[in-house]
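Take a look at the structure set out below.
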Amino acid sequence: MATPQLSVTDQIRQLEGARKLVLSDVTYYPQVIQATLPIIGPSSQVEFRRWGADFLAEAFATPAVAPSQKETLALLVLETLKLLVEDPSQDVMVLRSVIQAAASIYPLAVRWIPFVDRAAMSILSYPILRLRIADSRYSTRINNSYDTATWERMTTIKARILRIWDTAPLNVRICCIKFAQRVVLAQTQSVNPEPRRGDPLDISLAMIPPNHPVLDGAALEAEASGLLDRMLGALQENSSDVLIVDATLNTLSILVRMRPATSNRILNTIFNFNPLKLANSPLTPKNKVILRSIEKTTRMLLMHLSRRDPHNPQVGRIQQYLERLMRSRAEIYDESSRKRAMAEQADGSNAKRQKTGTLPSQPQPEITPLKPGPHTLAEIFTFTNNEGVKNFNVSDNVPASLAAKISVTTIARLDSQFLDRAINGVRDRLAALWEANQPINPETAPLDVEEDEDDYEPDYYAAEDTEQILNKLDSSPTEERRELQKPPLDGLSLPTFHLPPPPTLNADQAAKVGQGSVTRVFSTMKTLEDPAVKKNKAGINRLAASSYDRDSWITVITRLATRSSAGLDDVSVKDEDSQVSLPATSLSDSIRETLYTYVLEEFRKRIEVAVSWLSEEWYNDKVQQRAAASSSVSRDVPAHYEKWALRLLDGIFPYLHAQDKVLTRFLSELPELNTGILSRVKTLCRDPSLVNLCLTSLYYLVVMRPPVRELALDTIQDIWTDYEDSRPVAAKYLQRWRPGFLEAAQQGQGVAGNGTPVDATTATVVATT
């Protein structure tokens with residue numbers, strides 16, 4: 001059964017797979033090129049020829065392939081390139097890629113004919129390239145002067161490219177300029193006196209030995225000189241073709257650097273070139289763009305040459321040329337602005353008295369009323385009469401991001417009067433369309449009276465009186481329609497329209513909506529950066545959201561959690577029939593849970609947030625307790641401070657390490673410490689690696705916070721009693737602050753240093769240690 005023929009698209013997809021293979025591993029280039037040459041030949045379809053020409057141009061331009069391997073591959077593809085370039089009806093895209101490939105292959109051909117690496121010969125499998133290599137102990141390169149067929153193919157390709165240089169399409173001519181540059185580089189003398197030991201990519205006339213049977217050095221050098229003159233002709237003739245001029249200027253930098261012998265000719269031509277020649281013609285927008293492009297390319301080329309070789313004797317002339325170019329450019333733009341001002345003044349020369357008022361900087365839009373009939377939204381916003389602009393579809397030709405940037409920039413530069421006039425014009429058009437689309441009310445429509453001012457006879461036409469109008473309303477088809485369309489008899493003013501009231505939210509819905517708002521606030525807060533300069537804290541009476549930074553948002557959030565529903569947690573609303581309680585999870589508790597999660601995500605960076613939050617909770621608890629004490633109705637006040645302080649400690653403890661200082665800072669900045677909090681800190685001693693951290697934090701409280709000194713010492717004493725691993729460190733602290741406890745424990749007495757009894761078990765354990 002015959003295999004079904006693949007479509008062109010499927011075959012191109014397979015070829016792209018082969019291209020991806022060689023891009024990942026360049027060792028497959030010989031196999032892929034030999035396999036694809038029959039597919040991309042001159043008799044193939046244009047899609048295959050385009051792909052093949054692009055692939056060959058890419059293969060010989062990539063630096064990943066060694067020059068010796070490129071020489072071998074060049075021998076395989078020269079015949080195909082020759083057939084493609086000689087076709088007079090060849091596709092422009094194919095021709096462009098073939099010339100690019102030939103520009104990369106030409107130096108390799110010049111390098112191949114005089115001599116070639118012996119290592120490169122070992123990989124050749126093409127029948128015509130099986131050569132007999134003479135043995136040599138001291139030389140790794142051999143002469144290939146016998147291979148005249150390769151040079152004839154290259155010469156044919158070169159002659160064809162130079163012949164179509166002036167008549168080809170513009171994109172092909174640019175590739176021809178690049179090919180001519182590579183020919184000039186290969187056929188002129190290099191600065192390197194020993195090419196075999198220098199840069200292998202610097203292929204020049206120095207590689208060709210004298211009296212070579214195939215390559216004539218003098219003829220090749222003369223040809224290169226002629227090609228250079230042909231390239232410089234675009235500058236000597238002051239051509240206005242901006243792409244050709246820019247392409248020529250871009251190729252000269254490498255010639256000046258790699259072939260210093262040509263630098264004087266090139267620089268003299270540039271000095272005689274006038275990039276501002278178009279300034280003598282009318283400065284249309286197109287000419288302005290061309291003028292800027294040529295001037296900038298010339299200026300950047302000379303600046304690059306002067307910076308790369310500051311000791312070049314031509315640097316002084318380059319600086320003078322650049323200064324003269326800058327002055328000429330400034331004069332041209334100043335003169336164009338003066339001509340524009342004179343032209344605007346000449347418009348009012350026919351008036352008897354010259355107007356001294358300032359002319360509008362922008363033309364005012366001409367707003368014409370829309371024609372009767374339906375209109376699209378684009379027609380309402382369009383003020384131009386140019387049919388080409390009206391039919392231009394922006395969405396199909398301009399990307400959305402670019403269109404947005406252009407729109408924003410244009411609106412920002414518009415005159416405010418111009419924009420107001422355009423907006424008012426759109427409003428008038430919308431109002432006119434709305435009035436035209438209003439349904440006609442037959443009861444209030446004007447009478448069908450012919451309007452003729454010359455033959456007006458008031459007694460001939462009888463207008464309907466009030467009774468006739470009421471009779472007509474009574475004869476309406478339905479009562480509902482009559483009520484809907486009946487106008488007020490006392491006037492034609494529109495009735496007052498009232499929006500329906502919003503639906504009532506229950507407690508759970510309100511809590512859910514509030515939680516959504518809090519979530520959005522936290523999302524905004526996470527995107528804010530920490531302040532670069534730390535500010536002094538304003539304390540508990542600071543203003544919330546005074547600077548709209550992260551700290552201000554934290555203040556707002558913590559006060560929403562602590563103060564917004566203060567005193568309402570145990571309140572219920574009653575009516576006669578039922579009792580409606582607040583939702584099980586209040587908004588304040590939801591904010592507290594979110595704050596708890598926010599702090600634990602990065603507790604070392606956000607320890608200040610935790611302290612600020614707990615300070616607000618402590619303040620709120622104190623205010624509520626004072627209010628409950630002074631109130632005649634007794635009620636229980638929930639203690640949020642201790643609850644959330646313990647939760648934060650429980651969340652932080654699993655992530656602490658022995659050198660962590662965040663616990664010491666956290667305990668020292670809390671507004672109040674009690675037995676419950678310090679007892680929770682004591683549990684850290686269960687981990688022997690955290691005993692030192694726990695005792696150091698407690699000792700810091702002993703030294704720096706005198707109000708909680710006794711509580712901290714009691715905790716250290718309990719740690720000494722309960723955890724044997726902590727006794728060496730705890731004894732050092734107790735020896736200073738409670739020496740009586742240690743003495744009593746060692747002597748087996750029952751009284752500690754602070755007057756508390758010590759049981760017999762404790763005394764026995766101490767005595768054994």
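We use all heavy atoms of the structure for the numbers below, so side chains are in, but hydrogens, waters and symmetry mates are not. Keep in mind that what you see is a predicted model, and the values were worked out from it rather than measured. Residues take their numbers from the sequence shown, with the count starting at 1.
Heavy atoms from other residues, nucleotides or ligands lying under 6.0 Å from CZ of R686 number 12 at most. Enclosure of atom CZ in R626 is not indicated, since only 12 or fewer non-hydrogen atoms of other residues, nucleotides or ligands lie within 6.0 angstrom.
Ion pairing between a basic and an acidic side chain is recognised when a charged N comes within 4.0 Å of a carboxylate O; D722 and K682 show such pairing. Contact check on R738 versus D714 returns a salt bridge, with a Lys/Arg side-chain nitrogen under 4.0 Å from an Asp/Glu carboxylate oxygen. A salt bridge is defined here as a Lys NZ or Arg NE, NH1 or NH2 lying under 4.0 Å from an Asp or Glu carboxylate O, and E617 with K643 fails to meet this definition.
One distance of note links CD of E602 with CD1 of I607; it measures 12.5 Å at 0.5 Å rounding. Atom CD of residue E16 and atom CG of residue L23 lie 9.0 Å apart, to the nearest 0.5 angstrom. Here CG of D309 is found 10.5 Å from NE2 of H304. Values are rounded to the nearest 0.5 Å. Taking CZ of R606 as the reference point, atom CG of L595 lies at 10.5 Å (rounded to 0.5 Å). Note: T562 OG1 to N620 CG = 5.0 Å, rounded to the nearest 0.5 Å. In this structure, OG in S253 is found 7.0 Å from CZ in R308, a value given to the nearest 0.5 Å.
Annotation: side-chain hydrogen bond (donor to acceptor under 3.5 Å, both in side chains) contacts of D687 (sequence neighbours excluded): S689. Annotation: side-chain hydrogen bond (donor to acceptor under 3.5 Å, both in side chains) contacts of E323 (sequence neighbours excluded): none. Every residue was checked against the side-chain contact (heavy atoms from CB on, under 4.5 Å) condition with S630, not counting sequence neighbours, and none meets it. By the side-chain hydrogen bond (donor to acceptor under 3.5 Å, both in side chains) test, E58 pairs with R19, sequence neighbours left out. Scored by the side-chain hydrogen bond (donor to acceptor under 3.5 Å, both in side chains) test, R13 finds D10 as partners (sequence neighbours excluded). Applying the side-chain contact (heavy atoms from CB on, under 4.5 Å) rule to I380 yields the partners L370, L377, V426, R429, L430, L433; only residues at least two apart in sequence or on another chain are considered. Shown here are the ring pair (Phe, Tyr, Trp, His ring centres under 6.0 Å) partners of F603, two or more places apart in sequence or in another chain: there are none. Every side-chain contact (heavy atoms from CB on, under 4.5 Å) that P399 has, sequence neighbours left out, goes to S401, L402. When the side-chain contact (heavy atoms from CB on, under 4.5 Å) test is applied to R299, the partners found at least two apart in sequence or on another chain are E295, K296, M303, L322, L325, M326, R329.
Between the N424 side chain and the D420 main chain, a donor and an acceptor come within less than 3.5 Å of each other. For D621 (side chain) and A639 (main-chain N/O), no donor-acceptor pair under 3.5 Å exists by modelled atom type. No donor-acceptor pair closer than 3.5 Å links the side chain of R559 to the backbone N or O of E616. With S407 contributing its side chain and A403 its backbone, the two residues share a donor-acceptor pair below 3.5 Å.
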Start with the C-alpha distance between D246 and S293, add both sets of side-chain angles, then the distance that settles side-chain hydrogen bond (donor to acceptor under 3.5 Å, both in side chains), and finish with yes or no. CA-CA 8 Å; D246 285 349; S293 177; 2.7 Å; yes

Step-by-step salt bridge (charged side-chain N to carboxylate O under 4.0 Å, His left out) determination, D660 to R604: CA-CA 9 Å; D660 215 329; R604 290 183 177 85; 2.7 Å; yes

Working for side-chain contact (heavy atoms from CB on, under 4.5 Å), residues C694 and V681: CA-CA 7 Å; C694 176; V681 174; 3.9 Å; yes

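Sorted by first then second residue, the ring pair (Phe, Tyr, Trp, His ring centres under 6.0 Å) pairs that include residues 654-689, not counting sequence neighbours, number zero.
Between I423 and L419, some side-chain heavy-atom pair lies under the 4.5 Å cut-off. Between Y641 and P671, some side-chain heavy-atom pair lies under the 4.5 Å cut-off. Annotation: side chain of L560 is not in contact with side chain of S588 (no heavy-atom distance under 4.5 Å).
Smallest separation of non-hydrogen atoms from D25 and T27: OD1-OG1, 2.8 Å. Heavy atoms only, all atoms of each residue included: P310 and V315 are closest at O-CG2, 3.6 Å. Here the shortest heavy-atom pairing between L673 and L711 reads O-CD1, 3.7 Å. Residues I554 and V609 approach most closely at CD1-CG2, 3.3 Å, considering heavy atoms. Among all heavy-atom pairs drawn from V26 and A64, the shortest one is CG1-CB, 3.7 Å. The nearest pair of heavy atoms linking H640 to D589 is CE1-OD1, 4.3 Å.
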Sequence neighbours left out, cut at 3.5 Å: what donor-acceptor pairs do the side chains of residues 644-653 make with other protein atoms?
unit_1, atom_1, unit_2, atom_2, d
R647, NH1, E593, OE2, 2.9
D650, OD1, R680, NH1, 2.9
D650, OD2, R680, NH1, 2.5

Report, one line per pair, each donor and acceptor closer than 3.5 Å where one atom sits in a side chain of residues 695-705; sequence neighbours left out.
unit_1, atom_1, unit_2, atom_2, d
T696, OG1, N692, O, 2.6
T696, OG1, N692, OD1, 3.3
S697, OG, T664, OG1, 2.8
S697, OG, L693, O, 2.9
Y699, OH, R736, NH1, 3.1
R705, NH1, L667, O, 3.0
R705, NH1, S668, O, 3.3
R705, NH1, L670, O, 2.9
R705, NH2, L670, O, 3.1

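For the pairing with L684, the side-chain contact (heavy atoms from CB on, under 4.5 Å) check across I719, L663, V691 returns one residue only, L663.
For an aromatic pair to be called close, the ring centres must be under 6.0 Å apart, and W720 with F741 satisfies this.
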